[in-house]
Amino acid sequence: MTSATSTTSTSVTSDRDWWRQAVVYQIYPRSFADANGDGIGDLRGIIDHAGHLVRLGVDAVWLSPFYPSALADGGYDVDDYRAVAPELGTLDDFDELVSVLHGAGIRLIVDIVPNHTSNRHAWFREALASPPGSAARNRYVIRRGTGPDGAEPPTDWRSFFGGPAWEPIGDGDWYLHLFAPEQPDLNWALDEVREDFLTTLRFWSDRGVDGFRIDVAHLLVKDASVIGGAAADLPTQERIQAGFPDGQHPFEGRDEVHEIYRTWRALFDEYDPPRMAVAEAWVAAHRRVAFARPEGLGQAFNFDLLLTPWDAAAFTKVITENLALSAEAGASSTWVFSNHDMVRHVTRYAVPNGTDLVAWLRAGGHDPEPDLERGLRRARAATLLALALPGSTYVYQGEELGLPEVTDLPADVLQDPTFVRTEGAEKGRDGCRVPLPWTETGESFGFGPGTASHLPQPEWFGAYAVERELNEPASTLHFYIDALAARRSLQGAEELSWRTSTADVVAFERPGGWVSVTNFGEHPVPMPEGRVVIASRAVDALELPAETTVWLQTTGA
Ligand code: GLC
Ligand code: CA
């Protein structure tokens with residue numbers, strides 16, 4: 001294990017394109033590792049386990065929010081953008097984390113949540129304490145209610161987490177929260193809001209942060225009539241769902257949002273190397289391009305693989321489209337199978353294509369019973385395929401262990417606001433946020449020195465522990481380590497040429513004779529020519545088994 005000692009020297013280079021084909025490891029800090037035994041993962045836990053990241057061979061870490069927060073939405077409700085949550089550590093710990101990661105050649109990307117603050121943010125407390133029409137209220141998206149005394153909400157809009165999107169302040173004013181009521185939406189029409197975020201971006205960039213992941217980057221700008229004042233009638237929820245022409249939705253993906261990111265880009269480019277940014281923008285594929293342009297954030301998440309069934313034609317389509325879109329933007333594409341918002345991909349691939357995951361989870365995740373062996377086989381094959389694609393791959397903590405979703409957390413431990421706000425219709429996202437198992441035994445499987453973990457780990461977690469997988473040459477952890485190492489040695493220009501594929505086989509070639517072949521089918525196919533570099537499961541020289549990816553070296557070997 002590489003010791004994670006603090007160092008002042010830095011081994012990250014000034015390469016301005018480091019992010020283009022990086023492997024980025026997402027840490028959800030409260031569930032990664034707990035150094036002090038209070039059941040909550042913390043920055044010290046990450047520092048102590050930096051050896052895991054080094055061994056894995058990732059290029060960067062993306063840290064989900066670590067800011068002070070009441071956790072109304074897992075930390076995406078931020079009280080203070082320029083501080084560390086006391087239960088996670090201090091700014092000194094943060095600086096040490098930067099220096100430890102940099103010393104190991106690993107970059108750090110932090111999460112920025114600009115659409116909304118928490119309801120405990122100083123600005124929101126000031127807004128509540130100030131009268132309607134005041135400057136303090138104007139920092140948020142606030143409108144008078146309708147009906148007598150403003151007792152009815154301005155519109156019938158629903159929050160993404162269920163329930164109404166407007167909350168009454170009690171004096172005829174209502175504030176907009178596209179997410180939980182504890183997440184009031186900021187008014188991005190205001191220069192003061194814009195300036196404040198530039199200050200935040202500078203604050204972390206000056207501390208050595210290499211990039212930013214921008215939370216719901218497409219929602220910031222609201223139609224002026226939403227913010228208030230204007231007489232225009234706001235559309236109904238029905239109209240919102242029916243859709244709007246590109247860029248004209250009252251709050252989703254409005255064109256004006258790119259003015260904001262141009263100013264962010266100017267700030268990022270003042271640094272050497274320029275700070276990178278990746279947009280979380282849930283917009284139609286062709287609308288991602290503007291977020292990913294070099295004069296914008298520079299990269300945008302492509303979430304298509306989160307929603308793509310296990311199917312050769314579907315994968316081919318997603319790859320083709322996204323390579324074209326990223327080329328149009330001048331960015332590299334991103335490939336994502338799992339994150340803190342989605343059912344882990346081992347589990348998605350363990351149920352039949354077309355399963356309604358929301359209903360399946362609501363019923364406890366046993367009907368149908370997931371075939372986890374198959375899920376893992378497919379997940380490893382899919383991951384190896386994506387690791388061969390041009391662009392960057394985002395790995396969510398625990399996927400390197402082959403960890404399935406925890407589908408049967410009891411209702412009384414659930415933290416995700418969607419569960420309560422949808423009255424149980426949606427189980428929510430806690431099942432992919434259960435603290436990691438580090439050791440095979442022990443009351444929190446080595447997550448921390450104590451017995452506690454803020455979400456309970458199931459009995460079977462020990463089988464996926466880091467310690468155990470390190471001792472098993474055929475483990476998913478060893479597979480990730482080997483795949484990342486092979487990728488690093490084979491990586492070249494961001495080019496791909498398709499090889500002849502059949503109905504069930506997806507095959508392509510990268511520069512230097514690096515060939516990736518995936519058999520999506522249920523039956524083996526003949527092994528293509530070339531020297532086997534790595535396979536997602538054991539292969540022999542003659543056959544590529546069902547649901548398997550292999551990398552082959554075809555020239556210059
Ligand atoms: C993003 C985050 C998600 C959060 C939401 C609101 O989608 O990934 O976890 O709940 O934004 O901030
Ligand atoms: Ca802790």
Side-chain angles (χ1 to χ4, degrees), residues 26-49 62-67 69-79 81 84-90 93 109-119 121 159-162 165 176-186 212-220 251-253 278-283 300-301 303 306 334 336 338-343 394 396-397 415-422 426 428-433 435-436 438 444 446-455:
Q26 180 189 357
I27 291 184
Y28 186 76
R30 287 172 177 83
S31 299
F32 183 72
D34 169 25
N36 65 354
D38 65 355
I40 302 166
D42 41 46
L43 298 187
R44 178 65 45 197
I46 305 173
I47 295 169
D48 290 349
H49 289 82
W62 149 30
L63 199 53
S64 278
F66 52 91
Y67 312 108
S69 168
L71 302 185
D73 179 22
Y76 285 88
D77 46 322
V78 178
D79 298 346
Y81 293 90
V84 172
E87 70 276 18
L88 267 63
T90 62
D93 295 332
I109 296 170
V110 299
D111 218 308
I112 293 290
V113 189
N115 179 66
H116 41 266
T117 68
S118 80
N119 59 345
H121 190 282
S159 124
F160 290 118
F161 288 161
L176 180 72
H177 58 90
L178 292 177
F179 295 92
E182 296 87 351
Q183 293 168 296
D185 280 51
L186 283 165
F212 299 91
R213 177 262 186 193
I214 313 304
D215 192 69
V216 291
H218 59 304
L219 296 179
L220 274 49
F251 49 81
E252 290 192 32
V278 55
E280 186 212 20
W282 289 93
V283 293
F301 276 123
F303 290 131
L306 293 168
T334 64
V336 185
S338 283
N339 64 30
H340 65 295
D341 291 330
M342 305 302 281
V343 175
Y394 285 73
Y396 176 53
Q397 67 180 36
Q415 300 172 9
D416 187 346
T418 56
F419 179 68
V420 170
R421 290 188 60 81
T422 61
E426 288 182 33
R429 301 162 292 177
D430 294 302
C432 66
R433 301 177 179 182
L436 290 189
W438 292 90
S444 67
F447 169 62
T451 58
S453 76
H454 70 99
L455 279 168

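Whatever order the structure lists them in is the order used to number ligands and atoms, beginning at 1.
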*Would you please test Glu182 and His177 for side-chain hydrogen bond (donor to acceptor under 3.5 Å, both in side chains) and show each step?*
CA-CA 8 Å; Glu182 296 87 351; His177 58 90; over 6 Å; no

Restricting to N/O/S, name the atom of [X] that gets closest to the Ca ion (ligand 2).
{"X": "Asp38", "value": "OD1"}
{"X": "Asp42", "value": "OD2"}
{"X": "Asp34", "value": "OD1"}

_Heteroatom N/O/S of Ile40 within less than 3.0 Å of the Ca ion (ligand 2)_ =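 Yes.
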
_At a threshold of 3.0 Å, where the distance has to be below it, does the Ca ion (ligand 2) have an N, O or S atom of Glu87 nearby?_
no

For [X], counting its heavy atoms only, list the atoms of ligand 1 lying under 4.0 Å from any of them.
{"X": "Phe161", "value": "10 (O)"}
{"X": "Asp341", "value": "2 (C), 3 (C), 7 (O), 8 (O), 9 (O)"}
{"X": "Arg433", "value": "9 (O)"}

*asked:* Are the side chains of Tyr394 and Phe301 in contact, using a 4.5 Å heavy-atom criterion?
replied: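 SC-SC contact between Phe301 and Tyr394 confirmed.
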
*asked:* Are the side chains of Asp34 and His454 in contact, using a 4.5 Å heavy-atom criterion?
replied: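 No; the side chains remain at least 4.5 Å from each other.
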
Report yes if the distance between the aromatic ring centroids of [X] and [Y] is under 6.0 Å, otherwise no.
{"X": "His121", "Y": "Tyr81", "value": "yes"}
{"X": "Phe32", "Y": "Trp438", "value": "yes"}
{"X": "His340", "Y": "Tyr76", "value": "yes"}

*For the residue pair Asp77 and Ser69, confirm or rule out a side-chain donor-acceptor distance under 3.5 Å.*
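Asp77 vs Ser69: donor-acceptor pair found between side chains.
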
*Shortest reach to atom 7 (O) of ligand 1 by a heavy atom, considering only Glu280, Arg429, His116*: Glu280

*In terms of residue, atom name and distance, what is the protein heavy atom nearest to atom 1 (C) of ligand 1?*
Asp215 OD1, 2.8 Å

*What protein heavy atom sits nearest atom 4 (C) of ligand 1, and how far away is it?*
Asp73 OD2, 3.4 Å

*Any sub-3.5 Å donor-acceptor pair from Asn119's side-chain atoms to Gln183's backbone N or O?*
no

*Got a donor-acceptor contact below 3.5 angstrom from the Thr422 side chain to the Glu426 backbone?*
yes

*Can you tell me if Met342 has a non-hydrogen atom under 4.0 Å from ligand 1?*
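It does not, in that no heavy atom of Met342 comes within the 4.0 Å cut-off of ligand 1.
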
_Contact check, Trp282 vs ligand 1, heavy-atom distance below 4.0 Å_ = no

